[in-house]
Amino acid sequence: MSSPIIKPQTLRGFRDFLPESMIPRLQIIEIAREVYSRYGFSPIDTPALEYSEILLGKGGEESDKQLFRFVDQGERDVAMRFDLTVPFARFAAQHIGILGTPFKRYHIAPVWRGERPARGRFREFIQCDFDTIGTESLAADIETLLVVHDLLEKLEVGEFTIRINHRQVLNGLLEQLGLLQHSSAVLRALDKLPKIGEAAVTEEMNATAGISAEQATRVIAFANIEGTRSEVLAQAQEMVSGSESGRVACEALTEIISTCDRIGIAESRLQIDLSIARGLDYYTGLIFETFLADLPDMGSISSGGRYDNLAGLYTKQKLSGVGGSLGLDRLLAALQELGRCKEVQTTSQVLIARFVEDRLADYQRLSRQLHAQGIASEVYPEGKNLGKQLKYADRKKIPLAVIAGEDEFQQGTWQIKNLQRGEQLVVAEAEVVGVIQSELNKLSTSTT
RNA sequence: GUGCCCAUAGCUCAGCUGGUUAGAGCGUCGGAUUGUGAUUCCGAAGGUCGCGGGUUCGAGUCCCGUUGGGCACCCCA
């Protein structure tokens with residue numbers, strides 16, 4: 001009697017990653033790390049588990065319900081982090097003394113939400129956040145946009161537009177309409193405008209904030225202002241002119257735009273969009289979302305903004321900041337839909353066949369020479385028939401195979417087989433590494 | 001958390017109003033071909049029909065529950 005087999009399964013909303021999906025994930029993470037660190041952001045990490053009191057009540061009732069929360073073996077009330085922002089607030093409050101300000105960090109790590117999974121939404125997913133805290137300078141806002149810009153450019157997602165707005169511009173409008181006390185509910189409804197349409201937004205504003213249809217119409221009309229960036233700004237400025245903070249915010253947007261212009265950021269990539277509201281309460285200044293020209297329905301793949309007093313719950317020191325987040329899974333889905341995801345199951349570029357079983361040392365020596373040149377190669381572990389070994393390479397889409405049997409060893413040569421073209425070369429021992437290198441160069445230039 | 005749809009071989013699916021031993025394509029493995037993959041030909045393995053219960057002489061098929069997946073809300077990356 002054999003013991004019953006345990007059904008292999010993952011938890012709802014949790015995923016395994018096979019090499020073919022892990023390789024592109026790591027490539028994106030690598031690019032994000034590179035851009036973040038190039039701008040001077042330092043990596044940090046925080047624990048997956050926090051005391052529940054740290055995480056509770058930070059994003060409203062909804063996020064509390066979605067918290068994975070339990071009592072640990074030491075009777076502590078603990079929960080898994082829901083996002084990277086709240087743990088960062090705790091982190092900043094705890095360590096800002098030795099870190100000093102301004103402090104720039106990035107944090108690429110998984111977060112957990114006990115919500116209902118759907119397409120592109122999971123219970124465990126990676127966030128790629130970066131923030132600058134401890135400065136209110138507009139320079140940090142501009143730098144945040146530049147990071148997002150460079151990141152998307154490097155990721156080769158095609159044309160994209162960063163749409164920016166400012167919470168104080170919106171609040172300036174609401175102030176003039178006498179709706180400031182309903183700001184949070186009105187903005188949350190406004191945030192849905194492109195998704196649910198004007199009528200539904202009007203209805204929601206009425207239901208949640210009790211505002212009249214006429215007021216809602218004015219808010220929506222404001223959000224719908226279109227034109228060139230300076231035209232939009234000019235109209236916005238006029239409409240919020242009675243609000244001091246609204247006026248200042250318009251100036252901030254103007255300066256952001258003009259500075260980015262002088263840096264050389266294309267106008268098509270940085271637009272003013274007065275309908276961008278962001279659902280989250282804690283934003284107080286610049287807000288932005290990013291859309292791909294080829295996949296406008298995908299939603300924002302990178303968003304963020306400026307907030308005041310991030311760590312106010314944990315420290316008396318005021319820490320304001322600005323930052324953004326890259327939606328890794330959404331971006332990956334985008335790249336897949338755009339067909340920009342190479343389907344590979346291995347990073348190996350060369351398979352060295354173990355043709356003559358007791359020549360393992362010769363095969364490994366060649367492999368290590370390739371490694372020294374930065375070429376990923378591997379020796380097939382078993383001395384099985386050649387067909388099987390080539391099939392392994394073919395299946396994993398390894399582009400080159402190296403074959404040498406007794407004939408080749410006697411002549412001091414190696415055979416290099418290009419599995420994509422079916423071509424085969426015989427080269428002298430001394431040239432083998434160089435030829436492999438140039439064959440691989442040919443492949444990478446011809447496929448892109 | 002609410003509503004709706006779905007679950008059959010490793011994958012994609014067929015399987016009639018309930019009726020013998022549940023099928024196909026692709027993939028896997030073996031062989032044709034012990035010095036050459038992808039192409040061709042031949043063959044084989046692989047299923048308590050997601051799981052548990054019920055109705056029935058009889059359930060992959062009908063009912064209930066449960067787990068997992070998808071869609072729309074809610075919310076968000």
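Every chain is numbered from 1 and lettered A, B, ... according to where its sequence line falls, protein lines coming before strand lines.
Whole-Å rounding puts the E20(A) CD to C11(B) P distance at 13 Å. Going from atom CG of D16(A) over to atom P of C11(B) covers 13 Å, rounded to whole Å. Protein atom CZ of F291(A) is 12 Å distant from nucleotide atom P of A77(B), rounded to whole Å. A straight line from CZ of R113(A) to C1' of C74(B) spans 14 Å, rounded to a whole angstrom. For the pair L400(A) CG and U36(B) C1', the computed distance is 15 Å after rounding to whole Å.
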Could you give me the CA-CA distance, side-chain angles and deciding distance for E382(A) and K388(A), then say whether salt bridge (charged side-chain N to carboxylate O under 4.0 Å, His left out) is met?
CA-CA 10 Å; E382(A) 294 171 33; K388(A) 197 166 245 181; over 6 Å; no
Given salt bridge (charged side-chain N to carboxylate O under 4.0 Å, His left out), test D308(A) with R167(A) step by step and report yes or no.
CA-CA 12 Å; D308(A) 287 331; R167(A) 266 289 165 84; over 6 Å; no
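The aromatic rings of Y392(A) and Y380(A) sit perpendicular, their planes meeting at an angle over 60°, well past the 30° parallel limit. Below 30°, between 30° and 60°, or above 60°: for F130(A) and Y36(A) the angle between ring planes is between 30° and 60°, a tilted geometry.
Base pairing in RNA chain B gives the following stems of 3 or more Watson-Crick or G-U pairs, range against range and under 3.5 Å: B:1-7 with B:67-73, B:10-13 with B:23-26, B:28-32 with B:40-44, B:50-54 with B:62-66.
Separation of the C1' atoms belonging to C62(B) and G18(B) is 8 Å when rounded to the nearest angstrom. Here the separation of A22(B) from G50(B), taken at their P atoms, is 15 Å to the nearest Å. Distance check on atom C1': A9(B) versus C29(B) gives 15 Å, rounded to whole Å. Using C1' as the reference atom, U8(B) and G69(B) are 15 Å apart when rounded to the nearest Å. Between the C1' atoms of C49(B) and G43(B), the separation comes to 27 Å (whole Å). Taking atom C1' in both G1(B) and C26(B), the straight-line distance is 41 Å, to the nearest Å. Across A24(B) and G15(B), the matching P atoms stand 15 Å from one another, rounded to whole Å. On the P atoms, G60(B) is 47 Å away from A77(B), given to the nearest whole Å.
Taking every side-chain heavy atom of I403(A) into account, U36(B) is the closest of U36(B), A77(B), C29(B). If you check C75(B), G35(B), G70(B) against the side chain of R121(A), the one that comes closest is C75(B). Considering only side-chain atoms of R12(A), the nucleotide from G35(B), G68(B), A77(B) that sits closest is G68(B). Among the nucleotides A77(B), U28(B), G37(B), the one closest to the side chain of F125(A) is A77(B).
Residues V322(A) and Y307(A) have side chains not in contact (no heavy-atom distance under 4.5 Å, counting atoms from C-beta outward).
G383(A) comes within 4.0 angstrom of no nucleic acid atom, judged by non-hydrogen atoms across all strands. Across all strands shown, E408(A) has heavy atoms under 4.0 Å from base atoms, whether or not it also approaches the sugar-phosphate. Using a 4.0 Å heavy-atom distance criterion, K388(A) is classed as a sugar-phosphate-only contact. If you check every strand for non-hydrogen atoms under 4.0 Å, D407(A) touches a base. Using a 4.0 Å heavy-atom distance criterion, Q415(A) is classed as a base contact. Base contact: F122(A) has a heavy atom under 4.0 Å from a base atom.
The CG atom of N418(A) lies 5.5 Å from the CD atom of E439(A); values are rounded to the nearest 0.5 Å. In this structure, CG on D83(A) lies 9.0 Å from OG on S325(A), to the nearest 0.5 angstrom. Atom CG in N171(A) sits 9.5 Å away from atom OG1 in T284(A) (nearest 0.5 Å). Atom CD1 in I142(A) sits 9.5 Å away from atom CG in L286(A) (nearest 0.5 Å).
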Considering only nitrogen or oxygen atoms on both sides, find all protein atoms under 3.5 Å from nucleotides 38-42 of chain B and state each distance.
{"from": "A38(B)", "atom 1": "O4'", "to": "D394(A)", "atom 2": "OD2", "distance (Å)": "3.1"}

What are the atom names and distances for every N/O pair under 3.5 Å that joins the protein to nucleotides 1-8 of chain B?
{"from": "U2(B)", "atom 1": "O4", "to": "R116(A)", "atom 2": "NH1", "distance (Å)": "3.1"}
{"from": "G3(B)", "atom 1": "O6", "to": "R116(A)", "atom 2": "NH2", "distance (Å)": "3.3"}

Can you list, pair by pair, the side-chain donor-acceptor contacts under 3.5 Å of residues 401-414 of chain A, counting residues two or more places apart and other chains?
{"from": "E406(A)", "atom 1": "OE1", "to": "R359(A)", "atom 2": "NH2", "distance (Å)": "3.4"}
{"from": "E408(A)", "atom 1": "OE1", "to": "G405(A)", "atom 2": "N", "distance (Å)": "2.9"}
{"from": "E408(A)", "atom 1": "OE2", "to": "Q415(A)", "atom 2": "NE2", "distance (Å)": "2.8"}

Show the atom names and distances, to 0.1 Å, of all donor-acceptor pairs under 3.5 Å that link a side chain in residues 269-276 of chain A to residues at least two apart or in another chain.
{"from": "R269(A)", "atom 1": "NE", "to": "E159(A)", "atom 2": "OE1", "distance (Å)": "3.2"}
{"from": "R269(A)", "atom 1": "NH1", "to": "H149(A)", "atom 2": "NE2", "distance (Å)": "3.2"}
{"from": "R269(A)", "atom 1": "NH1", "to": "E153(A)", "atom 2": "OE2", "distance (Å)": "2.5"}
{"from": "R269(A)", "atom 1": "NH2", "to": "E159(A)", "atom 2": "OE2", "distance (Å)": "3.0"}
{"from": "Q271(A)", "atom 1": "NE2", "to": "E267(A)", "atom 2": "O", "distance (Å)": "2.8"}
{"from": "D273(A)", "atom 1": "OD1", "to": "S275(A)", "atom 2": "N", "distance (Å)": "2.8"}
{"from": "D273(A)", "atom 1": "OD1", "to": "S275(A)", "atom 2": "OG", "distance (Å)": "2.6"}
{"from": "D273(A)", "atom 1": "OD2", "to": "R163(A)", "atom 2": "NH1", "distance (Å)": "3.4"}

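Every residue meeting the side-chain contact (heavy atoms from CB on, under 4.5 Å) condition with P110(A), not counting sequence neighbours, appears here in chain and number order: R81(A), W112(A), E124(A), I126(A).
Ring stacking is absent between Y392(A) and G37(B), as the pair misses the limits of under 5.5 Å between centres and under 30 degrees between planes.
Around the CZ atom of F70(A), the shell of radius 6.0 Å holds more than 12 heavy atoms that belong to other residues, nucleotides or ligands. Open room surrounds CZ on R368(A); 12 or fewer heavy atoms of other groups in view lie less than 6.0 Å from it.
Comparing P117(A) and I301(A) along RNA chain B, the residue whose closest nucleotide (by nearest heavy atom) sits nearer the 5' end is P117(A).
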